Engineer: 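Sharing a structure with you now.
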Amino acid sequence: MIVAERKPLEEIIGFIKDYKKILLVGCNECVTVCYAGGKKEVAILASALKMAFLKEEKELEVKEVTLERQCDQEYLEEIRSIVDQYEAIVSMACGVGVQFMAEKYQTMPVYPALNTLFMGGAEEMGVWAERCQGCGQCVLGQTAGICPITRCAKRLLNGPCGGSTKGHCEINKDVPCAWQLIIDRLKALGKLDDYDNLMPIKDWSAERSGGPRKIVREDLRQ
Amino acid sequence: MSYPDSIRVIQVPCTGRVDVIHLMEAFQKGADGVYVVGCLEGECHYYTGNLRAKKRVQYTKKILDEIGIGGERLEMYNIAASDGPRFSQVAKEMDEKIRALGPSPIRTALQKIHAARQAGVNVETS
Ligand code: SF4
């Protein structure tokens, strides 16, 4: 999932301080699962914003809506009939949702309530960790299912580096060395011989450095 | 069991039922202070209800601090169900603490806005 967290309230208040009526839109997908921008967080933020305004003896009208997905045109359409009644939209979706919202409602100011952080998962309740950087050319088949692009600080394809100490990365002793994890798992799988196969230079043009990416599937396109 | 008149008791089956939004809404409606009373730690009928409540109280305190209401207006206490005297004592303590802090800025603002409306004054709302 896409993992995000709420921006500091002060920053969100700064975006909307001159408005009286806002539409606060949550998203039912990733940001609900990581407790950043689902229905519950929409209610909490609405309450906090109203109180922040009241404290200044101002009233803020907040319409709370949570859409199935904000990264999908059809769900964004669901608010078309009410959008005009508000002065601005605050989106609690990831950066994709915020941008789709802004593209859909061209004349509305749209503000993000979250900082979108990474693609990851919950290691335990309340703890989320990064697992994928969307490099566009997955290497997990050669690395025992552990991503060195994401989990190695140096993105080494043929690691470890000399900084690997007792299984930990030199950047921080709380970070496991990705290459230690890879070697341990290859060993456990009886595939340690695979470690001898040097990985070729990676084509980074499939990654973000090649510019914004796009997939076109002609079989699906209308 | 006596406690100050200012305190309004809201019963829940377990403090684990108390969510951040419930605490927020109490302040939004003008409560000067709120405290959650759970069973003693380790004695929750549902095992961890009071521990979860404690974390939610901590989280809500941070939000209240961020918006300038003051996290100290919200507290969590753990009192044995049979300990009436302690319940009264905590109620008194909390009442005194909130009185010392004065009315919540939200309550003051709500009263001003309400009074202005009554007087027919068009308040600038933003
Ligand atoms: S110690 Fe391991 S994880 Fe850290 S940079 Fe070196 S190879 Fe990568």
Side-chain angles (χ1 to χ4, degrees), chain A residues 5-24 26 32 34-66 85-88 90 92 109 111 113-115 124-127, chain B residues 16-34 47-49 51-71 73-74 101-119 121-126:
Chain A
E5 63 182 0
R6 201 198 64 226
K7 280 180 176 289
L9 289 169
E10 199 185 350
E11 189 178 342
I12 304 171
I13 293 164
F15 292 144
I16 58 156
K17 62 181 188 316
D18 297 324
Y19 300 118
K20 292 176 191 168
K21 288 173 92 172
I22 63 158
L23 188 57
L24 180 58
T32 291
C34 67
Y35 296 82
K39 199 173 176 190
K40 231 176 177 179
E41 290 74 35
V42 165
I44 293 167
L45 180 59
S47 176
L49 293 177
K50 284 181 197 168
M51 281 199 268
F53 271 61
L54 270 175
K55 208 181 134 258
E56 307 298 325
E57 293 175 19
K58 295 193 292 186
E59 281 180 292
L60 177 71
E61 187 183 323
V62 182
K63 169 75 177 168
E64 299 171 32
V65 186
T66 298
Q85 299 161 33
Y86 301 91
E87 296 167 304
V90 175
M92 291 197 92
Y111 300 100
L114 306 185
N115 285 325
E124 58 179 279
M125 187 64 187
V127 179
Chain B
R17 178 68 188 88
V18 180
D19 215 332
V20 175
I21 191 66
H22 300 133
L23 303 169
M24 296 286 289
E25 283 181 352
F27 284 100
Q28 201 186 318
K29 287 182 176 161
D32 294 320
V34 175
Y47 302 113
T48 55
L51 301 177
R52 303 182 75 130
K54 183 181 175 181
K55 289 183 177 175
R56 291 177 191 150
V57 164
Q58 291 304 331
Y59 181 82
T60 312
K61 271 171 164 286
K62 267 193 247 157
I63 297 179
L64 294 172
D65 276 333
E66 267 191 89
I67 54 177
I69 309 297
R73 291 183 182 274
L74 173 64
L101 287 170
S104 142
I106 300 301
R107 184 156 72 91
T108 315
L110 285 172
Q111 281 167 348
K112 274 193 194 167
I113 291 170
H114 184 69
R117 284 229 177 90
Q118 292 282 2
V121 179
N122 196 5
V123 263
E124 176 53 42
T125 54
S126 187

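As the structure is a computational prediction, the values presented were derived from the model and not from experiment. Lettering of chains follows the sequences in order, A, B, ..., and the numbering in each one begins at 1.
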Engineer: Considering non-hydrogen atoms only, spot the tightest contact between B:V34 and B:A31 and give its length.
Structural biologist: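 So the two residues come closest at CG2-CB, 4.0 Å.
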
Engineer: State which residues pass salt bridge (Lys or Arg N to Asp or Glu O under 4.0 Å) with B:R107; sequence neighbours excluded, sorted by chain then number.
Structural biologist: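 With sequence neighbours excluded, B:R107 shows a salt bridge (Lys or Arg N to Asp or Glu O under 4.0 Å) to B:D32, given in chain and number order.
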
Engineer: Which residues in residues 38-45 of chain A have any heavy atom closer than 4.5 Å to a heavy atom of chain B?
Structural biologist: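 A:K40, A:A43, A:I44 fall under the 4.5 Å cut-off.
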
Engineer: Where the side chain of B:R73 meets the backbone of B:P103, is there a donor-acceptor pair that is under 3.5 Å apart?
Structural biologist: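 Side chain of B:R73 to backbone of B:P103: a pair is present.
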
Engineer: Is it the backbone or the side chain of A:K55 that comes under 4.5 Å from a heavy atom of chain B, or both, or neither?
Structural biologist: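 Both backbone and side chain.
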
Engineer: Listed by chain and number, what are the ring pair (Phe, Tyr, Trp, His ring centres under 6.0 Å) partners of A:Y86, not counting sequence neighbours?
Structural biologist: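 Ring pair (Phe, Tyr, Trp, His ring centres under 6.0 Å) list for A:Y86, sorted by chain: empty.
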
Engineer: Hey, which of B:T60, B:D19, B:T108 has the most heavy atom pairs under 4.5 Å with chain A?
Structural biologist: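 Counting heavy-atom pairs under 4.5 Å, the top option is B:D19.
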
Engineer: Which heavy atom of B:P105 sits nearest to which heavy atom of B:G68, and what is that distance?
Structural biologist: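 So the minimum-distance heavy-atom pair works out to CG-O, 4.3 Å.
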
Engineer: As an exercise: rank A:S47, A:P8, A:A46 by heavy-atom pairs under 4.5 Å with chain B and give me the winner.
Structural biologist: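 Max contact count across the listed options: A:S47.
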
Engineer: Just by distance, do the side chain of A:R6 and the backbone of A:M92 share a donor-acceptor pair under 3.5 Å?
Structural biologist: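 Such a contact is absent between A:R6 side chain and A:M92 backbone.
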
Engineer: For A:E87, what residues pass the salt bridge (Lys or Arg N to Asp or Glu O under 4.0 Å) criterion, not counting sequence neighbours?
Structural biologist: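 Testing A:E87 for salt bridge (Lys or Arg N to Asp or Glu O under 4.0 Å), a comparison that skips the adjacent residues, returns none.
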
